Amino acid sequence: MTTPFRIAVLASGRGSNFAALLAARDRGELPVEFVLVASDKADAGALALAREAGVPTLALSPRDYADRASFDHALFERVAEAKPDLLVLAGFMRIIDGGALAPWVGRMVNIHPSLLPKYRGLHTHRRALAAGDAEHGASVHFVTAELDGGPVIAQARIPIGPDDDEQRLAERLLAVEHRLLPTVVAGIAAGRITLRDGRVNLDGAPLDAPLDCREGKLSR
Ligand code: GRF
């Protein structure tokens, strides 16, 4: 028997992306072990979901630390104790200190609700609408010290329709995120997706552009 691929999730909010990962595992589509869900918010929905699912949890409050770097170092030290193969940021709403994240480059991914490099940071749906974009989307990328700036692994796209307001667009995109994230994590767990010399590789060959994710399938 091979050892299961170990995943730690960092989340600040309701945790619907973590729930999507759990559901994919329960359907047999994601052969991984969730070793920890960690949060900067003790009342994060993601922590409650983890407890229900029997996944170990950790909540640390930034208020208990002198500055961002010391909080981040403490958090990542505790996360390392769970010996994850991959860290998944699923709605982790903090900028992470570059020194604390450096050991994890290539082993940490984030899901961001825009077609990166468009709309790094917050209010992505509002910004896509205000720009009059014809389409919107979500990206999963390897995390580097640059906020929402690491190499993009895969994206999923949706058209923006005349009935979309910020909330409706966010809801429609969230459903797409829930397929994109487990699909990418499964690809990493299977060893198909890696980061080499700053470039995303699929099956040993570097990508020229992010993978396209449609109906749970990745294509170049
Ligand atoms: C998602 O939109 C994700 O793309 C962004 O934060 C949100 C998290 O939602 N990074 P949830 O907590 O997973 O429901």
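As the structure lists them, so they are numbered: ligands from 1, and atoms in each ligand from 1. Heads up: numbering here begins at 1 and tracks the sequence. Here the structure is a predicted model, which is why all the values come from computation and not from measurement.
- Among all protein heavy atoms, the one lying closest to atom 12 (O) of ligand 1 is Gly15 N, 2.8 Å.
- No donor-acceptor pair under 3.5 Å is formed between the side chain of Ser39 and the backbone N or O of Ala44.
- Using a 3.5 Å distance cut-off with no hydrogens or angles, the side chains of Thr194 and Asn201 do not pair a donor with an acceptor.
- Judged by the shortest distance from any of its heavy atoms, Ala138 lies outside the 4.0 Å radius around the atoms of ligand 1.
- The shortest N or O to N or O distance between Met93 and ligand 1 is not below 3.5 Å.
- Using a non-hydrogen distance threshold of 4.0 Å, Pro113 registers as a contact of ligand 1.
- The protein heavy-atom contact nearest to atom 4 (O) of ligand 1 is Glu177 OE1, 2.7 Å.
- Listed by chain and residue number, Tyr65 satisfy the ring-ring contact (aromatic ring centres under 6.0 Å, His included) test with Phe71 (two or more places apart in sequence, or in another chain).
- For ligand 1, the polar-atom distance check finds no N/O of Gly13 at less than 3.5 Å from any of the ligand's N/O atoms.
- Annotation: side chain of Pro84 is not in contact with side chain of Leu36 (no heavy-atom distance under 4.5 Å).
- Ligand 1 has a nitrogen or oxygen under 3.5 angstrom from a nitrogen or oxygen of Ser16.
- Atom 10 (N) of ligand 1 has its closest protein heavy atom at Ile111 O, 2.9 Å.
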For this session: Start with the C-alpha distance between Leu101 and Asp72, add both sets of side-chain angles, then the distance that settles side-chain contact (heavy atoms from CB on, under 4.5 Å), and finish with yes or no.
Result: CA-CA 8 Å; Leu101 71 77; Asp72 289 351; over 6 Å; no
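- Between the side chains of His178 and Ser16, a donor-acceptor pair is found at a separation under 3.5 Å.
- When the heavy atoms of Ser139, Ser114, Gly91 are ranked by distance to atom 7 (C) of ligand 1, first place goes to Gly91.
- Near Arg14, with a cut-off below 4.0 Å to any heavy atom, the atoms of ligand 1 are 9 (O), 11 (P), 12 (O), 14 (O).
- For His125, the ring-ring contact (aromatic ring centres under 6.0 Å, His included) partners at least two apart in sequence or on another chain are His136.
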